[in-house]
Every structure is written in C-alpha cells, then in structure tokens.
Peer 1: 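Here you go, one structure.
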Amino acid sequence: MTAVEQRFREFKMPDVGEGLTEAEILKWFVAPGDTVTDGQVVCEVETAKAAVELPIPFDGVVHEVRFDEGTTVDVGTPIISVDTDPGAGEAAPQAAPAAGKPAGEPAAEAEPAEKEGRQANLVGYGAAPASTKRRPRKPLPGPQRSAPAPSAGAPAPQEPAPAPARPEAAPSPSPELNGSGRPARPLAKPPVRKLAKDLGIDLEAVTPSGPDGIITREDVHAAAEAVQTARETPVAAPSRTVEGRERRVPVKGVRKATAQAMVNSAFTAPHVTEFVTVDVTRTMKLVADLKQDPAMAGLRVNPLLLVAKALLVAIRRNPDVNATWDEDNQEIVYKDYVNLGIAAATPRGLIVPNIKDAHAKTLPELASALGELVTTAREGKTTPAQMSGGTVTITNVGVFGIDAGTPILNPGESAILAFGAVKLQPWVHKGEVKPRQVTTLALSFDHRLVDGELGSKVLADVAAVLERPKRLITWA
C-alpha cells in the first residue's frame with residue numbers, strides 16, 4: 001500500500017442488512033473539511049428494510065463526499081474519503097513535479113494513487129477509483145472540497161489521459177466545456193447543491209460567479225428570485241405533467257422492498273382468510289382498568305396489547321400454526337418461539353418490526369416492548385435486525401376506522417391477524433339486545449401448512465380470549 005493510499009482512506013457502503021445490494025443516502029452529517037473520529041456517525045442511509053446511521057471506522061479530516069443526498073449507491077462502493085494525516089501537507093502525487101522530472105512524467109506515475117486515493121476536482125469531474133464500479137443509472141456529481149489546482153501548467157495533467165478506463169474520467173485541472181464555454185456539468189459545493197435542490201433550481205440554468213466557474217449560494221438565490229415557479233418544480237426529473245394533474249415518485253427503499261415482498265407472498269403462498277365478529281366489551285373494560293393499575297404505570301396500554309396477548313395464548317394452544325414453509329428442502333419448520341410482528345405505517349412506507357420471544361413476556365413486558373417498537377418505527381430508527389426473523393404478525397387496521405380486511409402474509413410467516421375497529425353496536429347479550437363494543441378479526445394463513453381446522457381453531461381462540469379476557473389466566 002502506497003503512502004497516499006494509507007493517508008487517504010475510503011469508507012465503502014456496507015451491507016447493513018442481510019444480503020442487501022444497495023442503499024439510498026438520506027442525509028450527510030459531515031462535509032469536506034470536517035474532522036471525524038472512529039465511530040462517529042457520518043450519514044444516514046435507507047435500505048430496503050430500514051433507515052440506518054453509518055459510523056466511520058477511522059479518524060481524520062473529510063476529504064471528499066462522493067454522492068449527493070438522495071442518491072442510491074451499491075454496497076461496496078466508496079461513499080466518502082478521509083485524510084487520515086491532514087498535517088502531512090499535499091499528497092505525494094501533488095509534490096511529484098518538484099522532483100526535477102518533466103512535467104508529464106510525475107503525473108503519469110502518480111495516477112494509480114490518484115485513482116485510489118484523492119481527486120483534485122469536484123466529484124464527478126475527475127477520475128473515479130479503478131476498484132469502484134459506479135452505478136450507470138444516475139452519475140450525479142457529488143460534493144467535494146476544492147483541492148489546489150496543479151500549478152505546473154495546465155497541459156501537464158492531460159498527457160496521461162489514455163491511462164483511465166474511460167476517457168471522460170481522466171483527471172483534469174478544469175472541467176470540460178460545452179459549446180457556450182461553460183462547464184458541461186455545473187460545479188457547486190455540497191451546501192450549494194443542497195440549497196438548489198431545496199429551492200427547485202436547475203444548476204445547469206444558473207450563471208456561476210465564483211472562481212473557476214463554481215456556482216455560489218448567491219447565484220442560486222438570484223436564480224430562485226428570477227424564477228418564482230421553480231420552487232414547485234423538482235430539478236432532477238419532472239414529477240408533474242404540464243397540466244399539474246399528475247405526480248410521479250420513484251419507487252425505492254422500504255416501499256420498493258415491501259411491494260416486491262407482497263407480490264412474492266401473494267403469488268407463492270396460497271392464502272386463506274377467515275373472519276369472526278366478537279363482543280369485546282369485557283376486554284375494553286379491562287384495558288380501562290389496566291391503565292389505572294400501578295404495575296402498568298408509564299406503559300402503553302391499549303386494545304392492541306390484549307389482542308397480542310390473546311394471539312400468543314392461541315398459538316400456545318395451537319403451536320403448529322407457528323411455522324414456515326421451506327420450499328428448497330420441502331420441509332415445514334415448526335418454531336418453539338414467537339417473534340411477534342406488528343405492522344407499522346411510517347413516512348417511508350409499511351414496515352413490520354417484531355418483538356423477539358414475545359411468547360415468554362409478561363403483560364407489562366409485552367406492553368413495554370410494544371411501546372418501544374412503535375416509538376422506534378415512528379422515528380424511523382427501526383434496524384434491519386428488528387424486522388428479521390418474524391414468525392406471526394398483527395396488523396391493526398382498526399386505527400384507520402376499518403372493520404376488516406384480507407391481510408397478505410409477511411414473507412416467511414404462516415399467519416397474520418388483522419384487528420378491526422372497535423365500535424358500539426347492537427348485540428344480543430344474555431338474551432337481550434344491548435349496545436356492546438364489537439370488533440371483527442381476520443386471520444390469513446398459508447394453506448400449505450395450516451389447514452382450515454387449525455386456522456379456525458386459532459382464530460376462535462383469539463376471539464374467545466377477547467370475549468372473556470379472564471381466559472388469559474385460565475388458559476395460561
């Protein structure tokens with residue numbers, strides 16, 4: 001490893017889940033010139049499963065941020081480079097011309113280190129590392145601190161241009177010009193690109209006033225004032241038609257993964273859904289009593305908590321429902337533990353984190369775990385580990401005022417219970433028609449391993465517990 005390679009270290013996009021291939025950069029917490037330490041969070045990314053904060057594994061000063069926020073990057077691609085020895089001055093390749101050699105020779109010798117270490121130009125205008133294969137879909141120029149331009153003469157860095165794999169990626173002290181004499185791609189630093197993105201300004205339409213044709217914040221503000229409607233028009237790709245009656249949003253991240261998983265589940269596992277309507281008046285009274293119980297102080301107590309406990313009781317009485325179908329080995333895998341999934345709607349889409357070993361938890365422990373799960377999901381901090389390994393899921397459609405539905409199985413699970421809205425309805429109680437709290441439950445199950453009898457017993461047991469919650473004790 002050369003001195004430059006040791007000094008300028010690259011942090012690559014890691015696989016933060018289980019075999020994930022890409023992630024979208026949501027937010028950068030550092031910029032070129034910032035000092036970072038081992039373990040410091042430098043950015044937040046969204047994978048197909050969750051939003052995750054990435055810590056950097058070494059100390060130094062940020063030299064280059066390779067991609068803009070909103071860019072999807074392959075796992076293994078360098079996303080940021082760090083100068084681990086900022087006090088050493090210019091890198092060896094920059095100092096090479098002073099060694100008494102012709103101007104062109106040092107540039108040619110330094111090129112391998114340049115390709116794997118640092119780049120002198122703004123991201124997108126210099127050579128990319130040879131070990132990295134950039135995504136062809138959207139080569140967005142990323143933000144980078146301006147490095148000193150070579151002073152040994154402009155033509156010198158251009159002589160070794162044939163060495164890079166792609167001619168247009170050859171290092172150059174100045175960007176390529178278009179027919180109008182302006183850079184073929186606009187030059188701007190990270191904060192300016194972010195400002196332009198927020199204001200809906202196309203950088204290609206902005207007249208630069210900074211040195212070497214760099215666009216400044218003042219340039220962007222001037223463009224925004226001149227084009228008032230630009231604030232409502234996305235820069236990268238039009239999201240509305242000319243008439244403004246349609247809007248297009250790329251499918252990616254959690255929503256993309258959820259869509260694919262649901263399609264795979266719907267067309268792989270033969271779904272059967274059964275429904276039951278039940279009087280839950282006693283359960284609602286118990287919820288009110290538990291809220292006043294000192295043992296439940298500070299915990300989230302709601303009907304979903306008792307529905308979860310009722311499902312766990314039903315699974316204990318009918319353990320064969322807690323299984324999965326192994327298509328590769330043609331086996332049914334029965335599980336002696338329950339990782340209870342709770343479907344949660346978040347700004348990034350539907351996710352299903354699960355409570356590990358929910359079957360072994362007391363009611364207060366289950367309430368605490370459920371509260372933490374919901375809070376973490378709403379804050380967008382659910383980790384991939386919290387969404388893997390689920391066995392059975394509950395989806396609470398009742399919070400939206402919906403009575404019932406036919407839920408689709410979470411991939412790899414055998415059953416999912418939909419809990420509908422609890423409403424006051426006329427009900428025959430002790431021979432008389434009275435107003436009672438009533439809800440509808442729907443259980444979807446994989447008919448390859450759960451037959452109608454088993455599925456019906458599970459749903460009937462859940463309903464029985466919610467009708468008479470004292471069965472949480474007698475059936476325990």
Side-chain angles (χ1 to χ4, degrees), residues 1-2 4-32 34 36-84 111-119 121-144 163-166 168-171 190 250-257 260-261 348 382-385 387-388:
M1 181 179 291
T2 66
V4 175
E5 289 173 322
Q6 292 176 340
R7 175 180 169 185
F8 293 96
R9 299 187 60 181
E10 294 177 332
F11 177 51
K12 299 179 180 180
M13 177 69 74
D15 178 1
V16 294
E18 300 174 349
L20 297 175
T21 59
E22 63 182 19
E24 178 188 352
I25 297 175
L26 294 178
K27 184 177 182 180
W28 283 106
F29 299 115
V30 297
D34 289 350
V36 295
T37 57
D38 185 357
Q40 178 179 337
V41 174
V42 294
C43 69
E44 181 182 27
V45 302
E46 181 182 34
T47 69
K49 294 185 176 181
V52 181
E53 294 180 338
L54 299 184
I56 199 160
F58 38 78
D59 302 337
V61 173
V62 177
H63 172 252
E64 176 185 358
V65 174
R66 297 285 180 87
F67 296 95
D68 284 335
E69 294 176 353
T71 305
T72 299
V73 183
D74 286 334
V75 168
T77 301
I79 59 175
I80 185 174
S81 67
V82 173
D83 184 349
T84 58
E111 188 163 308
E114 281 284 331
K115 291 167 70 175
E116 295 180 14
R118 65 181 293 184
Q119 298 173 359
N121 303 324
L122 291 175
V123 177
Y125 303 93
S131 61
T132 300
K133 186 177 181 180
R134 297 273 180 137
R135 292 178 64 84
R137 69 163 84 163
K138 204 174 183 179
L140 291 177
Q144 179 188 355
R166 295 181 298 173
E168 64 273 15
V251 179
K252 54 185 178 180
V254 173
R255 191 172 298 278
K256 180 179 180 180
Q260 186 59 53
R348 295 190 179 98
T382 304
T383 65
M387 292 191 288
S388 63

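If you read the sequence from its start, that first residue is 1, and numbering goes on from there.
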Peer 1: Does the pair V73 and I25 meet the rule for a side chain to side chain contact (heavy atoms under 4.5 Å, CB included), with working shown?
Peer 2: CA-CA 8 Å; V73 183; I25 297 175; 4.0 Å; yes

Peer 1: Could you check if a side-chain atom of V30 sits within less than 4.5 angstrom of a side-chain atom of Q40, using non-hydrogen atoms only?
Peer 2: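 The answer is yes; the side chains approach within 4.5 Å.
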
Peer 1: Please report the closest heavy-atom contact between E53 and F29, naming both atoms and the distance.
Peer 2: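 Distance-wise, the nearest heavy atoms are OE2-CZ, 4.4 Å.
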
Peer 1: Do the non-hydrogen side-chain atoms of V61 and V82 ever get within less than 4.5 Å of each other?
Peer 2: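 A side-chain contact is absent here, since even the closest heavy-atom pair is not under 4.5 Å.
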
Peer 1: Do V65 and P32 come within less than 4.5 Å of each other through their side chains, counting heavy atoms only?
Peer 2: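 Yes, side chains in contact.
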
Peer 1: Does a side-chain heavy-atom distance below 4.5 Å link V42 with V36?
Peer 2: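 SC-SC contact between V42 and V36 confirmed.
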
Peer 1: Should D38 and I56 be marked as a side chain to side chain contact (heavy atoms under 4.5 Å, CB included) after you check the CA-CA gap, both sets of side-chain angles, and the distance that decides it?
Peer 2: CA-CA 6 Å; D38 185 357; I56 199 160; over 6 Å; no

Peer 1: Check whether any side-chain heavy atom of I79 lies under 4.5 Å from a side-chain heavy atom of W28, and answer yes or no.
Peer 2: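 When only atoms from C-beta onward are counted, W28 and I79 do touch, with a gap below 4.5 Å.
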
Peer 1: Which heavy atom in P55 sits nearest to a heavy atom in F11, and how many Å separate them?
Peer 2: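 Result for this residue pair: O-CZ, 3.5 Å.
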
Peer 1: Is the shortest side-chain heavy-atom distance between L54 and V41 below 4.5 Å?
Peer 2: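 The answer is no, as the side chains (C-beta and beyond) never meet within the 4.5 Å cut-off.
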
Peer 1: Would you name the heavy atoms of E22 and V75 that are closest together and state the gap between them?
Peer 2: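 Here E22 and V75 meet closest at N-CG2, 3.7 Å.
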
Peer 1: Below 4.5 Å, heavy atoms only, C-beta onward: do T77 and K12 meet side chain to side chain?
Peer 2: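 No, side chains not in contact.
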
Peer 1: Check whether any side-chain heavy atom of D74 sits under 4.5 Å from a side-chain heavy atom of M13, and report yes or no.
Peer 2: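 In short, these two side chains do not touch, never coming nearer than 4.5 Å.
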
Peer 1: Decide side chain to side chain contact (heavy atoms under 4.5 Å, CB included) for T383 and V52; before the verdict, give the C-alpha distance in whole Å, the side-chain angles of both, and the deciding distance to 0.1 Å.
Peer 2: CA-CA 7 Å; T383 65; V52 181; 5.7 Å; no

Peer 1: Nearest 0.5 Å, what's the CD-CZ distance between E24 and F67?
Peer 2: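 CZ of F67 is found 13.0 Å from CD of E24.
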
Peer 1: Rounded to the nearest 0.5 Å, what separates atom OG1 in T382 from atom CE in M387?
Peer 2: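 Separation between the atoms: 6.0 Å.
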
Peer 1: Within the distance-only criterion (no hydrogens, no angle test), does the side chain of T37 pair as donor or acceptor with the backbone N or O of D59 below 3.5 angstrom?
Peer 2: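 No: the side chain of T37 does not pair with the backbone of D59.
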
Peer 1: Quick one: closest heavy-atom pair of A31 and V62, and the distance?
Peer 2: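 That would be O-CB, 3.5 Å.
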
Peer 1: Under a 4.0 Å N-O cut-off, is there an ion pair linking E64 with R66?
Peer 2: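 A salt bridge is present here (some side-chain N lies under 4.0 Å from a carboxylate O).
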
Peer 1: How many angstroms lie between atom NE2 of H63 and atom CZ of R9, to the nearest 0.5 angstrom?
Peer 2: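 H63 NE2 to R9 CZ: 15.5 Å, rounded to 0.5 Å.
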
